[in-house]
Each structure stands twice: as structure tokens, then as C-alpha cells.
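Here is the structure we will look at, set down as C-alpha cells.
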Amino acid sequence: MFKIRKNRVPGVDIEQLIQQIFASILGRKSRAVLTIAGIAIGTAIFVMTYGWTLAAGATINTQFDKTVTTSINVTLRNGSSSHLGSDFTGKVTQLDGVVAGGRIVPATDMHCEAHPGMAREVSVNYVDAGYLRAVGAKIGQGRLYEQSIRQTSPPAAVLGPSVAKDLGISHLLPGQTIRCDGVTVAVYGILREGGDSAQTAASVLLSKQLDGRAMPSGVDSQVSAVVRTELGATKSVARVLSAQLSPTHPQDVAVTVPPSPEELRRGVSNSLNILAIGVSALSLLVGGIGIMTTMFTSVMERTREIGLRRALGARPAHIAAQFIAEGALYGGIGSTVGLSVGLVCLLVVVKVNGWVPVMVTWVGLVCVPVGTVIGMCAAFLPGRRAAKIPPAAALRAL
């Protein structure tokens with residue numbers, strides 16, 4: 001049977017080694033706190049940056065889904081005998097998955113004025129009420145006109161915010177009207193600043209008439225349209241839209257689905273991931289350098305102690321193990337604190353910005369082990385240097 005030796009060589013005893021490690025750390029509390037703070041800050045930055053990247057990426061993906069992938073553009077091919085008539089909105093909304101749809105005529109320039117003698121040349125678009133809903137126009141003052149207004153007189157209009165300023169209309173008054181090329185136009189609303197469509201923001205959106213009866217000659221043949229669908233329904237709606245609008249000549253109707261945002265989305269996600277990895281790696285590197293600096297300083301201060309232990313029989317491997325264990329302890333404690341602080345800060349940032357918090361499980365599982373390994377690696381060179389201190393160094397330090 002093997003027997004445990006009672007007379008252990010000093011420096012080999014694990015219990016003594018642990019006592020020496022904690023004695024070293026507790027004997028230099030301020031330095032230990034700063035060292036732990038360094039790796040804690042690095043870990044917290046890693047957690048915050050990576051979590052922010054995931055949350056921002058999820059938000060960006062949601063915005064892609066809400067805009068690009070739900071729009072379909074409709075035009076007539078050159079020489080076609082079909083037309084996009086006044087029943088366009090009714091036809092497209094019969095299809096499953098369609099939210100709204102409407103027509104628009106390319107802008108023409110007209111002289112409009114809200115006050116006598118203050119005429120301005122502005123762009124005028126003839127649009128259906130359904131078009132405003134299809135492009136997601138948001139009202140700032142008043143309201144959007146309805147499809148029934150198409151039959152009324154005078155024609156109805158909604159103003160883009162920049163056009164409203166040019167015409168001197170800061171607040172919409174009851175019964176507000178403007179005159180465009182001598183025609184009185186009732187203003188129903190003013191769009192919100194920062195709207196989704198630049199085309200609607202900088203023009204007068206006129207309701208009457210998209211069938212050529214009240215428009216300049218020739219522009220009725222240039223009618224195009226936009227259809228907005230529910231998420232995931234764009235492709236299925238696009239396949240049947242031409243036949244729905246022109247059952248006898250579906251080839252006359254050109255249906256265009258905007259390119260899939262997958263490549264752009266993937267590029268944005270990759271850029272965010274590279275940013276997160278770069279910032280995180282730099283932060284952890286700074287924390288590791290802080291541990292290494294502390295260990296080197298500790299070696300210089302403890303030369304006499306190390307030499308004395310060597311003289312009493314401690315081997316170089318035991319000296320190196322002590323310093324590497326100290327580094328691991330610094331890294332483990334610091335990464336634990338950093339993980340907690342990083343998660344709390346991430347939740348605050350996400351809450352303030354109204355994002356959905358996103359985090360993967362492996363981040364919490366690897367932070368402490370990685371921090372411990374970084375501490376061990378940072379303490380390797382100082383530990384190696386300490387192991388090379390000869391026993392005679394204790395005498396020279398006296």
C-alpha cells in the first residue's frame with residue numbers, strides 16, 4: 001500500500017500553495033481590485049458589444065421585412081392595350097395577402113399658391129388613396145383622403161411636409177385650400193416629417209383624376225402602381241397579380257418584386273459581427289495585459305520570498321504554478337463580475353432603444369472559462385520568470 005508522506009517538501013503542499021496565493025492577493029488589495037476591474041471591464045464590453053450586435057441585427061432584419069420585402073411595383077409594358085383603371089385598388093385587395101394598393105402618375109410641375117401673390121412651382125403627383133396606404137404615408141396634420149373623394153369636386157390633396165413649408169402652411173386650418181394652375185384644391189392633410197417616401201414628401205398629392213379626365217394630356221398612359229403585402233406573401237401575390245389585373249392580356253402588366261435583401265442583410269450582419277469581435281478582442285487583450293503587468297510587478301517585489309522558498313526546496317514548477325494560479329483567479333473573478341455587469345448594462349441599453357433583447361447561451365457559458373484561461377496565459381511569462389529566480393536571490397535581497 002502506498003503511504004502519504006507527512007514530511008512534505010515546502011512548496012509542494014497544495015494547501016500551502018492556496019494559502020500563499022490568497023495571502024499574495026489580499027496583501028495587495030488595491031492592485032488586486034484594479035487588476036480584476038481590468039478583466040471585468042473587458043468581459044463586460046464583450047457581452048455588451050456582442051449582445052448589442054445581436055439586438056441591432058434583429059431590429060435591422062425586422063425593418064427589412066417591414067419595408068423592402070412587402071412592396072410590389074406594377075407598370076404597363078410599352079404598347080400594351082391594357083390599363084390600370086379606377087378599379088385597381090378593388091382588384092388587388094381581393095387577393096389574399098394584399099394589405100393595400102394604389103396608382104400614381106409621374107410628377108408634373110405646377111404653380112401653386114396658398115396665399116395670393118405667393119405662387120411656387122411645385123411637383124404634383126396624382127395618386128389614389130390606396131397608394132398612400134401602400135407606401136406607408138404617415139399623416140402629421142389632418143387626414144389622408146379616402147377613395148370616395150376621387151368623385152368629388154374640388155379635387156382633394158395631401159401635402160408633403162417640404163411642399164407645405166414652401167407654400168407657407170405651417171398649421172392646417174379648417175377648409176384649407178390651395179390653387180394649382182388656377183384650379184382650387186382642398187387640402188385634407190400634411191404628411192409627417194421624416195416619412196418613408198421621399199417622392200411623397202416633396203410633392204402635392206392630388207386625388208383627381210387618375211383616368212385622364214382632369215390630368216394634363218398624355219400623362220394618363222404613364223400610370224404605375226404599388227401593392228403592399230403581408231410579410232411572406234410578396235412572391236405568391238406577384239405570381240397572380242398580372243392575371244388579376246388583366247385576365248385576357250396578363251403579359252401587358254409588368255410586375256416587379258424588389259430584390260431580396262438577403263445579401264444586404266448578410267453584409268450588415270457580418271459587418272456588425274466583425275465590429276463586435278474586434279472591440280471584444282481588444283478589450284480582453286487590455287484586460288490580459290493588465291494581469292501580466294501586475295504579475296511582473298509582483299515578481300519583482302517578491303524576489304526575496306521566491307528565493308527563500310527555492311532555498312527551502314520549492315521547485316521552479318511550483319513557483320510558476322503559484323503565479324499562473326493567481327492569474328487564473330484574477331481572470332475568473334474578473335470575468336464573473338464583467339459578465340454580470342455586461343448583462344445588466346445590455347438590458348438597460350436595449351430597453352432604452354426599444355429593442356428586443358437577444359443573447360445566445362454560449363456567451364454566458366464561455367465567459368468565465370475564457371477569462372480564466374486569459375488570466376493563466378497572461379501570468380505564464382511572469383511565472384516563468386519567477387521560476388528562474390535562484391535561491392541565492394534571497395540572500396542578495398537582505
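Note that these values count all heavy atoms, side chains included, but never hydrogens, waters or copies made by symmetry.
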Margin query: Does atom CZ (F296) have a neighbourhood of more than 12 heavy atoms from anything else shown, all under 6.0 Å?
Written below: yes

Next item on the list: Answer yes or no: does atom CG of D87 have more than 12 heavy-atom neighbours from other residues, nucleotides or ligands under 6.0 Å?
Entry: yes

Margin query: Assigning hydrophobic clusters by single linkage (Ile, Leu, Val, Met, Phe, Trp, Tyr; side-chain heavy-atom cutoff under 4.5 Å), is V337 placed with V344?
Written below: no

Note to self: Is there a side-chain contact between L76 and V223 in this structure, where contact means two heavy atoms from C-beta onward sitting under 4.5 Å apart?
What the structure shows: no

Next item on the list: Any pair with a residue in residues 322-343 that passes salt bridge (Lys or Arg N to Asp or Glu O under 4.0 Å), sequence neighbours left out, goes on the list, sorted by first then second residue, please.
Entry: R302-E326

Notebook entry, point to check: Should V373 and I39 be regarded as members of a common hydrophobic cluster, given that ILVMFWY residues are connected when their side-chain heavy atoms come within less than 4.5 Å of each other, either directly or indirectly?
Noted result: no

Check: Which heavy atom of Q141 sits nearest a heavy atom of H171, and at what distance?
Finding: OE1-CA, 3.3 Å

Margin query: Testing the 3.5 Å rule here: is there a donor-acceptor pair between the side chains of R179 and T184?
Written below: yes

Next item on the list: Return the minimal non-hydrogen interatomic distance between V47 and C367, and the atom names on each side.
Entry: CG2-SG, 3.9 Å

Next item on the list: Group every Ile, Leu, Val, Met, Phe, Trp and Tyr by side-chain heavy-atom contacts under 4.5 Å, then state whether V255 and F88 land in the same group.
Entry: yes

Checklist line | No-hydrogen, no-angle side-chain donor-acceptor test under 3.5 Å, T234 and T229 | finding: yes

Margin query: Any carboxylate oxygen within less than 4.0 angstrom of a Lys/Arg side-chain nitrogen, looking at D166 and R120?
Written below: no

